[in-house]
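Computed from a prediction, not measured in an experiment: that's the story for all the values here. First the proteins, then the strands, lettered A, B, ... as listed; each starts at 1.
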Amino acid sequence: MSKQFPTRAQDYSAWYNELIVKADMAEHSAVKGCMVIKPYGYAIWEKMQQALDKMFKDTGHVNAYFPLFVPKSLFEAEEKNAEGFAKECAVVTHYRLKTDPDNKGKLIVDPEAKLTEELVVRPTSEAIIWNTYKGWIQSYRDLPILINQWANVVRWEMRTRLFLRTAEFLWQEGHTAHATREEAIKETEQMLEVYAHFAENFMAMPVVKGIKTANERFAGADETYCIEALMQDGKALQAGTSHFLGQNFAKAFDVKFANKDGKLDYVWATSWGVSTRLMGALVMTHSDDQGLVLPPKLAPIQVVIVPIYKGEEQLAQISEKAEQIKKSLLAKGISVKYDDRDTQTPGWKFADYEFKGVPVRIAIGPRDLANGTVEVARRDTKEKKVYAMDGLEEQVENLLNEIQQNLYQRALDFRNANIHKVDSYEEFKKVLDEKGGFLAAHWDGTSETEQQIKDETKATIRCIPLNNKQEEGKCILTGKPSKQRVLFARAY
RNA sequence: CGGGAUGUGGCGCAGUUGGUAGCGCACCAGUAUGGGGUGCUGGGGGUCGCACGUUCGAGUCGUGUCAUCCCGACCA
């Protein structure tokens, strides 16, 4: 492993890219804009999936799967949605290759095999799903439909970055159908809460819950709720969205139901999603110049045990103890790896697990064996302590909780310290350039003002926080009256 | 799509005025080690992104081309 790993201060972007690759999370693939998620990175994603999936199930949702391809005619049905995604769609036009008659051993697209209708590779699944729901819904008795899908989607981005923006990415998308507007809004808000809970309690990443302005709203939604996080470099990152789709898709796909009075009405819809982008968020929330830092709740390996020994006999003695410790930790539901490979030295292992963000490391050597102790090191603070072997599992359990807490608190302190109230456009620009972070500022509520600020500063309104404090003020750009501050930031 | 850069063993790089490739890490074998990326000895592996051209001779010069990365516009 290279020793000249860039620091965050030197080059945050390079730090991020190299960290992902060197921590063995992912790498660039042979396909432009697409990454290979490696086992270690995928294991983190699986932990995220498990936690989220349970929360979805606990709130009454079920999983299903819909096709990767969307016929163009369906895709274009909801105009705003189609328009919003049109410029980043991959399109399948043919279904066969054949040997090139002019170039032996090479293949060409068979011109005879042109599809009568092009297939859009889903950038999101509203269209195909609502076309399907049409056949499932006749009566209010068929509602609600509460479905989630774990899938891949493709958005042909011009510029990509590992996890943060890849042409193909993994996500989950919930698509629900309801009899009333109120119920759909309640669902939208509920899922936002689920996301916020996941971000804060599993990722240890504080988020601001809010709603998007019209400019930033999901194409085809009436309202977009979001959770916004702040990365270490002062840029914001949209970590999850929950959309109230109104009756837009029901109208586009003619999905009506008979209510209790026998009257026909269009179905109300929501959709909500989080993606592998959260992996990037995780990295940019906690990791440091020594590599990845993982919150215990999402770490594939929570505790690693490293033996320090001379000779096989000593290893056997240490292994016996180590296996005992491993067992007692496993019994507490803690994931443990005992790394007794003799192909790497202890120091090498220390550095390696540190780089990969394993929250707790236990080292056992002959000295410990004699004293009935172990050396315990925590990744978040780099602190090392000697613990007695007796009752170690409780200690480690507590330590993991403490680390989880500490990471959250650290991130929260950072986030709070980087919400800056600004009251003039000059101050806005100055703070944005010098400090970054969220800027709480008054805005006159118009798209034009938002757009102008974006054009001039690259900062966008990340959200209007929920339960936002109401106060009289003047728009920083136009000086027009404003009733509340909104959060601006430069964003990923 | 605009700007910048880079393509040389698995990875990271060097390669002077053109004379058919070298270093570090990794890898393999042996050996001594083992409380923070271990030392020593020996070993295997590349035809220099691709094409064309200049030349007696091209990693090196020229033209073209492809790819990737970074910055920006677009976006989760």
Side-chain angles (χ1 to χ4, degrees), chain A residues 1-6 11-18 21-22 27-35 84-89 123-124 153-173 195 212 215-219 224 226-229 236-243 271-281 290-291 306-312 314-315 318 340-356 361-371 373-375 377 382 384 386 454-455 458 460 462 490-492:
Chain A
M1 189 163 296
S2 163
K3 282 165 194 170
Q4 58 274 31
F5 177 64
D11 185 343
Y12 197 78
S13 180
W15 168 84
Y16 175 83
N17 286 324
E18 290 198 31
V21 173
K22 287 183 176 148
E27 64 186 35
H28 291 285
S29 72
V31 188
K32 183 180 166 67
C34 296
M35 65 179 168
F85 284 101
K87 59 191 180 305
E88 52 194 54
C89 284
T124 181
V153 288
V154 170
R155 296 182 188 175
W156 212 265
E157 301 288 351
M158 292 169 180
R159 201 165 111 55
T160 57
R161 288 193 77 192
L162 293 171
F163 287 117
L164 292 177
R165 180 166 296 107
T166 45
E168 179 194 14
F169 58 92
L170 305 183
W171 76 346
Q172 58 69 217
E173 46 182 327
Y195 288 155
K212 289 293 189 189
N215 282 13
E216 300 283 321
R217 197 177 287 153
F218 177 75
T224 288
C226 63
I227 52 171
E228 291 284 327
L237 184 130
Q238 178 176 306
T241 46
S242 183
H243 314 292
S271 70
W272 28 274
V274 297
S275 72
T276 36
R277 174 175 238 215
L278 289 180
M279 300 282 285
Q290 281 74 46
V306 177
I308 294 156
Y309 59 95
K310 293 180 194 174
E312 282 186 26
Q314 205 172 60
L315 175 61
I318 290 169
D340 63 349
R341 286 175 299 172
D342 65 355
T343 50
Q344 314 291 353
T345 61
W348 190 93
K349 291 176 189 174
F350 289 177
D352 191 46
Y353 290 114
E354 225 158 68
F355 203 91
K356 289 185 173 158
R361 179 186 73 234
I362 298 176
I364 312 177
R367 238 155 46 199
D368 298 299
L369 227 45
N371 300 335
T373 59
V374 296
E375 182 195 79
K382 305 276 172 49
K384 285 194 270 195
V386 175
K454 181 182 179 182
D455 291 343
K458 290 177 196 154
T460 49
R462 300 320 302 157
R490 291 199 178 116
Y492 277 99

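For the ring pair (Phe, Tyr, Trp, His ring centres under 6.0 Å) test, residues two or more places apart in sequence or in another chain that qualify with F85(A) are F218(A). Scored by the ring pair (Phe, Tyr, Trp, His ring centres under 6.0 Å) test, Y12(A) finds W15(A) as partners (sequence neighbours excluded). Qualifying side chain to side chain contact (heavy atoms under 4.5 Å, CB included) partners for T160(A), counting only residues two or more places apart in sequence or in other chains: E157(A). Take R277(A) and apply the salt bridge (Lys or Arg N to Asp or Glu O under 4.0 Å) test, not counting sequence neighbours, and it matches no residue. When the salt bridge (Lys or Arg N to Asp or Glu O under 4.0 Å) test is applied to E168(A), no partner is found at least two apart in sequence or on another chain. Looking at residues two or more places apart in sequence or on another chain, you find no salt bridge (Lys or Arg N to Asp or Glu O under 4.0 Å) involving R155(A). With sequence neighbours left out, the side chain to side chain contact (heavy atoms under 4.5 Å, CB included) criterion links R367(A) to no other residue. Partners of W171(A) under the ring pair (Phe, Tyr, Trp, His ring centres under 6.0 Å) rule, at least two apart in sequence or in another chain, are F169(A).
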Please tabulate the protein-to-nucleotide N/O contacts below 3.5 Å involving nucleotides 5-9 of chain B, giving atom names and distances.
none

Name the pairs: protein N/O against N/O of nucleotides 28-34 of chain B, kept only if under 3.5 Å.
from	atom 1	to	atom 2	distance (Å)
G34(B)	OP1	K310(A)	NZ	3.4
G34(B)	O2'	Y309(A)	O	3.4

Protein and nucleotides 69-72 of chain B: nitrogen or oxygen contacts under 3.5 angstrom:
from	atom 1	to	atom 2	distance (Å)
C69(B)	OP1	H28(A)	ND1	3.1
C70(B)	OP1	N17(A)	ND2	3.1
C71(B)	OP1	S13(A)	OG	2.7
C71(B)	OP2	R159(A)	NH1	2.8
C71(B)	OP2	R159(A)	NH2	2.2

### Task
Treat a base pair as Watson-Crick or G-U wobble with both distances under 3.5 Å, then lay out RNA chain B in dot-bracket form, 5' to 3', with | for cross-strand pairs.
((((((((.[[[[.)...(..]]]].((((((.....)))))).....[[[[[..)....]]]]])))))))....
